[in-house]
Amino acid sequence: MAIDTQTDQGFYRRMTCIVCPTGCLLEVRKDADGKLSITGFQCRRGEMYAENEVLNPKRVLTTTVRIRNASLPLLPVRTSDAIPKELLAEAMRVLAQVEVTAPVKTGDAILANLLDTGVDVIASRDMKRIDGAA
Amino acid sequence: MGERTQYDVVVIGGGVVGTAVLRTLSRYQLKAALLEKEAEVGWGATKANSGIVHAGFHNKPGSWMARLCVAGNRMYDQLCDELDVPFQRNGLMMVARTPEEEQILRRFYQQGLDNGVPGMELLDGDTARRLEPNLSGEITMVLRAASGGIVAPFALAHAQAENAAANGADVYTEVAVTGISCGDDGFTITSQDGGTWKAKYIVNAAGLFADDVARMCGLDVPSLIPRKGEEYILDQRVGDLVKHTIFPVPTPKSKGILVIPTVGGNIMIGPTALEMPRKDDLSTTAAGLDEILAFTQRLVPKIQRRDIIAAFAGLRAGSPTGDFIFETSHSGRAVHLLGIESPGLTASPAIAEHVAEMLAEAGLELMPKPDFNPRRPRVIRFKKLSDEEKEEVIKRDPLYAHVVCRCETVTEGEIVDAVRRGARTVDGVKFLTRAGMGRCQGGFCTPYVVRILARELGVSPLEITKRGRNTELLAAEAKAFLKGGEADA
Amino acid sequence: MRSIRYTDVAVIGGGPAGLAAALAARRAGAEHVTILERNHELGGILQQCIHNGFGLHRFKEELTGPEYAYRFIPQVEADPNIHVYLNTMVLSLTPTKEITAIHPDHGLVKLKAKAVVLAMGCRERTRGALTIPGTRPAGIYTAGTAQRFVNMEGYMPGKRVVILGSGDIGLIMARRFTLEGAKVEAVVEIMPYPAGLARNIAQCLEDFNIPLYLSSTVTMIHGKDRVEGVTVSQVDDNWCPIAGTERYIPCDTLLLSVGLIPENELSQTAGVPLDPRTGGPVVDEKRETLVSGIFACGNVLHVHDLVDYVSEEAEIAGEEAARHALRETADEAGSGRDGGQQLALKPGSNLRYVLPQRITAGAEVDLYMRVSHPMDAVTLTLSGVTLAKKRQVRPSEMLKIRLKAQHWESLFQAGKAPGQELLVAAEPSA
């Protein structure tokens with residue numbers, strides 16, 4: 001559970017780390033001066049996650065876009081890096097308008113600079129061209 | 001919908017009885033049609049039927065139930081052979097655990113003799129357990145009837161409709177009859193969405209709703225009693241718990257809660273018998289399940305709750321008199337079949353013949369059709385074929401090499417065949433082919449079945465339903481909720 | 001009469017386990033490896049798992065399911081001695097390792113293998129097995145079926161969703177449905193703790209403010225034609241619904257994420273004995289079943305939470321299958337395993353299962369196990385010998401413990417010998 005507590009002395013949050021399946025319980029304290037202290041992590045990436053989660057939470061978005069002339073109507077895609085969490089819904093609406101045409105290779109850029117984040121949307125699998133496919 | 005053809009006979013209701021009547025009529029030189037309110041035939045009490053072909057010792061001598069049950073039972077071998085519907089005479093056993101129950105068994109044995117039931121015997125408990133080793137050790141006596149059998153009721157209704165259609169009858173589905181009027185030129189039947197059908201004779205085989213239909217014809221009939229039965233299906237892993245259908249001694253309301261082998265290879269346990277205030281409550285309940293387990297474990301102690309893979313409920317058209325009721329109106333030109341509850345499935349072929357006789361008495365001319373074909377093209381059940389036959393079938397149609405339902409080994413070829421024979425819904429495909437009936441209950445195959453149905457029917461997957469109107473499986477195309485500004489993630 | 005084909009190692013299933021097993025078998029010297037895959041492409045269930053989080057242990061990267069599969073597929077396709085049969089359904093397997101399969105072009109195929117690797121995966125538990133009271137309307141899906149519709153077939157099954165069970169697929173689908181513009185009303189879990197990984201609770205539910213009701217279950221499904229809502233009730237310590245706690249949640253879709261079961265119908269046609277605790281075959285550290293020359297790995301053996309461990313396990317099975325095939329080539333009479341040198345491994349207190357179930361005396365191997373309930377700190381012991389200490393253990397997270405030479409020394413000193421039984425236990429510790 002992410003639990004936020006706001007007091008006169010500052011800000012305190014408990015959260016589950018999502019960097020790896022271990023799922024460490026992290027605690028972040030921000031004192032009145034804005035200084036962060038982080039505990040509960042078992043690796044450097046966990047510490048960074050906790051810091052980002054308080055200052056600027058980001059997520060990798062994995063979803064699909066429509067594809068023509070392939071054996072399936074959808075192509076799985078992902079952002080090449082994490083994007084600000086609050087942009088996820090807007091990014092989904094943007095990607096709902098995107099349609100590509102097979103063939104596509106894993107890693108092909110599907111959409112550059114998603115919502116001015118500097119992050120691209122890339123294909124996460126190969127999709128062969130099949131003529132006459134719906 | 002405009003006016004349909006003038007028919008000699010319109011059958012209202014496409015259960016196992018209505019389709020049997022339609023097939024019987026299709027033997028003769030006349031125009032017959034069937035109107036069914038659901039998306040496919042067999043969706044009412046037929047689909048939820050236990051599938052038992054009764055021997056006929058349960059009913060009082062001289063009753064319609066006794067006469068037509070014994071007569072119908074005799075017709076099953078030929079019927080199921082002609083229509084290629086799975087049917088086995090697995091025999092049935094009614095069991096006693098006390099001296100009082102033993103007395104009841106002896107009475108039923110005598111009643112069976114009076115009814116003309118062949119192949120009955122009374123066995124002591126140990127002899128019975130040599131035949132059925134999983135029977136409870138507390139059972140002291142068994143009435144065994146070798147003529148008892150099991151059939152797939154839904155498949156039978158479909159097969160009868162298919163064969164009738166092949167012999168010239170018309171089958172209309174999703175037609176709910178709302179009005180019947182009678183003029184000089186015969187009956188005019190109107191449906192909920194405005195269609196009309198004209199007929200010289202009608203047969204009311206509307207099952208649980210036959211009282212409503214009879215009233216549309218001006219008859220003052222007592223109301224049918226909806227009596228719910230819940231049934232639970234066990235995993236095929238325990239499919240050989242018993243070979244015979246196992247009955248307790250009956251209660252006044254029903255034949256009791258049974259252990260029923262099915263032609264699909266699963267054991268089914270049930271049904272409950274609960275009178276309901278309404279005709280649409282098909283829910284299963286925790287109390288029903290507990291009751292069924294408690295009762296059947298007394299017959300076969302090895303039955304386990306954890307082996308249950310599916311549950312369903314049906315509503316019987318409970319008869320207010322305790323017997324089948326054959327009413328007529330309009331000088332016999334309308335025949336009403338009321339209270340066709342158990343043993344209705346067994347009796348249905350004999351009921352159909354009886355109805356034809358009643359119509360003939362009322363003036364319908366029954367001239368045999370010289371080209372009537374009683375046989376239906378054989379159904380390929382891939383799983384049951386030998387290696388050589390499998391190879392042959394795949395060579396003819398490679399769709400038989402694509403196994404869609406892994407639990408039951410049902411191929412795409414079989415599903416396409418079922419659609420061509422009239423299946424239009426996911427449940428229809430399931431009941432005809434067994435795709436989705438296995439232990440994963442459609443987890444793997446549902447997306448494929450939807451895709452095949454859409455392709456064969458030439459519609460979008462969005463139009464494919466579980467069992468007809470308002471039961472669409474899918475809500476929208478992907479991304480649809482993200483367009484037009486309605487998203488709020 | 002149709003011809004019989006021969007292969008050294010036959011791998012049944014082309015998902016993550018089958019792919020890794022086939023490659024490992026080739027590396028270990030098997031000359032011909034055959035993969036039999038029922039789908040039209042390799043990759044198995046990974047192809048519909050479009051979310052990321054795969055491969056952290058193995059590749060030190062967060063890959064999506066298809067990306068993880070593509071770390072293996074090109075290698076398999078590039079090897080001319082790995083024969084891949086797609087659209088091929090195996091109908092039966094004999095104890096003598098003869099496979100009967102069907103294929104649209106080849107018809108009925110008989111394949112005789114020197115060793116077989118079972119890699120068929122698992123299936124989802126369904127509602128029938130749970131017997132939730134109520135009607136049978138449209139709109140009830142297992143989470144995996146919904147995942148296939150949403151991610152591959154291109155259709156949304158519904159717009160307002162309740163998810164029963166907090167398994168990982170259900171959590172992932174809660175996020176998927178939300179991202180795709182549907183509303184997930186709740187996730188309902190009968191246990192007092194979630195079934196899925198903690199990170200999935202955080203990133204799939206908390207990120208989207210989806211409520212998780214623990215110690216609760218669906219006690220009624222409403223709706224005649226389509227699901228209209230569900231009744232959710234709290235349960236007591238015996239999982240019985242508590243009267244008066246019912247809450248009605250309107251929804252048009254109910255997803256079931258109530259667990260996975262290894263799919264072993266085929267294994268049983270070969271007479272492979274199963275462990276009722278895992279639902280998969282009983283195996284030794286080589287992942288060889290009790291039928292000589294038949295190996296098993298991945299979710300057909302036991303349900304994994306991480307694909308990384310599936311690959312690892314599959315490599316053991318593939319390599320050992322290759323060795324078995326090579327031994328059979330060298331000695332046509334075939335050399336069975338020396339079962340006389342093995343000890344049985346059983347789960348003791350607080351453990352749901354341990355794998356392998358048999359182990360050769362002195363073998364240094366990884367033991368996989370799951371605890372039966374969450375615990376803060378445990379000491380894992382093997383017949384009294386301490387193996388490891390762990391913190392924050394949960395049934396959702398499989399534990400992997402190395403059994404080392406020093407442990408064997410202690411065991412032998414304590415008088416443990418082949419033919420005996422060893423007990424693995426998780427004792428609470430401070």
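Each chain gets a letter, A, B and so on, in the order its sequence line appears, and its residues count up from 1.
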**Request:** Return the set of residues passing ring pair (Phe, Tyr, Trp, His ring centres under 6.0 Å) with C:Tyr155 (not counting sequence neighbours), or none when no residue passes.
**Result:**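 Ring pair (Phe, Tyr, Trp, His ring centres under 6.0 Å) check on C:Tyr155 returns nothing, list empty.
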Name the option with the most non-hydrogen atom pairs under 4.5 Å to chain C; the candidates are [options].
{"options": "B:Arg451, B:His402, B:Lys390", "result": "B:Arg451"}
{"options": "B:Gly288, B:Ala313, B:Ala287, B:Ala401", "result": "B:Ala401"}
{"options": "B:Gly468, B:Cys445, B:Gly443, B:Cys407", "result": "B:Gly443"}
{"options": "B:Ala478, B:Ala286, B:Pro447, B:Pro461", "result": "B:Pro447"}

- [ ] Evaluate the side-chain proximity of C:Glu180 to B:Lys479: yes if any heavy-atom separation is below 4.5 Å, no if none is.
- [x]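 Yes. Closest side-chain heavy atoms under 4.5 Å.
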Requested in this report: Measure the shortest side-chain to side-chain distance between B:Lys383 and C:Leu91 over non-hydrogen atoms and say whether it is less than 4.5 angstrom.
Outcome: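 Counting from C-beta outward, B:Lys383 and C:Leu91 never come under 4.5 Å.
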About how many Å separate CD of B:Glu392 and CG of C:Leu108, when rounded to the nearest 0.5 Å?
->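 Between C:Leu108 CG and B:Glu392 CD, I get 12.0 Å after rounding to 0.5 Å.
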Spatial distance of atom CZ (C:Arg123) from atom CZ (B:Phe444) [nearest 0.5 Å]: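 So the CZ of C:Arg123 and the CZ of B:Phe444 are separated by 8.0 Å.
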Residue pair C:Ile102, B:Tyr400: steps toward the side-chain contact (heavy atoms from CB on, under 4.5 Å) verdict: CA-CA 9 Å; C:Ile102 48 172; B:Tyr400 283 93; over 6 Å; no
- At a heavy-atom separation under 4.5 Å, does B:Val426 approach chain C through its side chain, its backbone, both, or neither?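 Looking at B:Val426, nothing touches chain C.
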Would you say NZ of C:Lys112 has more than 12 non-hydrogen atoms from neighbouring residues, nucleotides or ligands within 6.0 angstrom?
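Correct, the count exceeds 12.
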Hey, is CD on B:Gln304 packed in by over 12 heavy atoms from elsewhere, all under 6.0 Å?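 Buried by this count: over 12 neighbours within 6.0 Å.
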Q. According to the side chain to side chain donor-acceptor pair (under 3.5 Å) rule, which pairs have a member within residues 453-465 of chain B, sequence neighbours left out?
A.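 Sorted pair list: B:Glu412-B:Arg455, B:Arg420-B:Glu456.
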Notebook entry, point to check: Which residues satisfy the side chain to side chain contact (heavy atoms under 4.5 Å, CB included) test with C:Arg277, sequence neighbours excluded?
Noted result: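 Expected list: C:Asp275, C:Lys346, C:Pro347, C:Tyr353.
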| message | Between the side chains of C:Lys110 and B:Asp387, is the shortest nitrogen-to-carboxylate-oxygen separation below 4.0 Å, so that they form an ion pair? | response |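 Yes.
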key: Evaluation steps, salt bridge (Lys or Arg N to Asp or Glu O under 4.0 Å), between C:Glu263 and B:Arg406   = CA-CA 10 Å; C:Glu263 201 177 316; B:Arg406 302 170 192 171; 3.7 Å; yes
Within the side chain of C:Arg226, is there an N or O that forms a donor-acceptor pair under 3.5 Å with the backbone of B:Glu472?
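Present.
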Practice task
Tabulate, in ascending numerical order, the residues of residues 145-154 of chain C having at least one heavy atom closer than 4.5 Å to a heavy atom of chain B, or enter 'none'.
Solution key: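 Within residues 145-154 of chain C, the residues under 4.5 Å from chain B are C:Thr145, C:Arg148, C:Phe149, C:Glu153, C:Gly154.
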Review point. Between C:His106, C:Glu265, C:Met220, which shows the greatest number of heavy-atom pairs under 4.5 Å with chain B?
Key: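 Highest number of heavy-atom pairs under 4.5 Å: C:Glu265.
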_chain B contacts, top residue of C:Ala101, C:Pro104, C:Gly107, C:Gly139 (heavy-atom pairs, under 4.5 Å)_ =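 The candidate making the most pairs under 4.5 Å is C:Pro104.
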Check: Are C:Asp225 and B:Lys466 close enough, and set up right, to give a side-chain contact (heavy atoms from CB on, under 4.5 Å), and what steps lead you there?
Finding: CA-CA 9 Å; C:Asp225 295 325; B:Lys466 177 170 162 60; over 6 Å; no
**OP:** Heavy atoms only: give me the nearest C:Arg136-B:Leu282 pair and the separation to one decimal.
**Re:**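 The answer is NH2-O, 4.1 Å.
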Practice task
Counting only heavy atoms closer than 4.5 Å, note whether C:Phe177 contacts chain B via side chain, backbone, both or neither.
Solution key: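 Neither part; nothing is under 4.5 Å.
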